[in-house]
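In what follows, a structure is listed as structure tokens, so that the remarks can point back to it.
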Amino acid sequence: QVQLVESGGGSVQSGGSLRLSCAASGSTVNTKYMGWFRQAPGKEREGVAAIWPSGDRTPYADSVKGRFTISQDKAENTLYLQMNSLKPEDTGMYYCAADAWVPFSGILRPDAYGYWGQGTQVTVSS
């Protein structure tokens, strides 16, 4: 069983930055495939970024490439999402997710993950 708790969300102006954290318990971040997902009101949940257990692969959604960075801290057992150059369209509830194994084709698909946090809200104003 894996428990995930997100934090770090908030309200920022366009062009600002936020750093999201996802504290894991019940398992270590470097033994799980993990990802960040977001859901805007009225829209489906979408994958933002993911990371292999080894940390050596980090695929991103095209909409956030070059602006967001996913990372893991083994000592803190925490997953991070550094978000820079934020845009209003980045607004939404952000969730972290984990699973013991995720196929490469599903690495940014919400239905590939079995463990989820409660989410943290990000609001970007223009």
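As the structure is a computational prediction, the values presented were derived from the model and not from experiment.
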Item to complete: Check the hydrophobic clustering (I, L, V, M, F, W, Y; side-chain heavy atoms under 4.5 Å; chains of links allowed) and say if Trp116 and Tyr33 are grouped together.
Response: yes
Discussion item. Using side-chain heavy atoms (C-beta onward) and a distance below 4.5 Å, is Tyr80 in contact with Thr69?
Written reply: no
Worksheet item: Under 4.5 Å between any side-chain heavy atoms of Asp73 and Val29, yes or no?
Response: no
Discussion item. Is there a path of hydrophobic side-chain contacts, each under 4.5 Å between heavy atoms of I/L/V/M/F/W/Y residues, joining Tyr95 to Leu86?
Written reply: no
Fill in: Exceeds 12 heavy-atom contacts within 6.0 angstrom, atom CZ of Arg109
no
Item to complete: For Thr28 and Asn77, test the side chains for any donor-to-acceptor distance below 3.5 angstrom and give the result as yes or no.
Response: no
Worksheet item: Do Ile107 and Arg57 have side-chain heavy atoms sitting under 4.5 Å apart?
Response: no
Worksheet item: Would you say Glu6's side chain and Gln118's backbone share a donor-acceptor pair under 3.5 angstrom?
Response: yes
Worksheet item: Is there a side-chain contact between Val102 and Lys32 (heavy atoms, below 4.5 Å)?
Response: no
Discussion item. With a 4.0 Å cut-off on N to O distance, would you call Asp62 and Lys65 a salt bridge?
Written reply: yes
Practice prompt. Would you check if Arg38 and Val64 make a side-chain contact, meaning some heavy-atom pair closer than 4.5 Å?
Written response: yes
Worksheet item: Quick one: does Phe68's side chain get under 4.5 Å of Trp36's, heavy atoms only?
Response: no
Discussion item. Suppose we screen for side chain to side chain contact (heavy atoms under 4.5 Å, CB included). Which residues come up paired with Gln13, at least two apart in sequence or across chains?
Written reply: Ser125
Worksheet entry | Worked verdict on Ser17 versus Asn84 for side chain to side chain contact (heavy atoms under 4.5 Å, CB included) | CA-CA 4 Å; Ser17 297; Asn84 298 328; 3.0 Å; yes
Worksheet item: Phe37 vs Tyr113 aromatic rings, parallel, tilted or perpendicular, using cut-offs 30° and 60°?
Response: perpendicular
Worksheet entry | Expected output: side-chain Thr91 to main-chain Val124 donor-acceptor under 3.5 Å | yes
Worksheet item: Are any of the side-chain heavy atoms of Val122 and Met83 separated by less than 4.5 Å?
Response: yes
Worksheet item: Does the side chain of Val5 reach to within under 4.5 Å of the side chain of Gln3, using non-hydrogen atoms?
Response: no
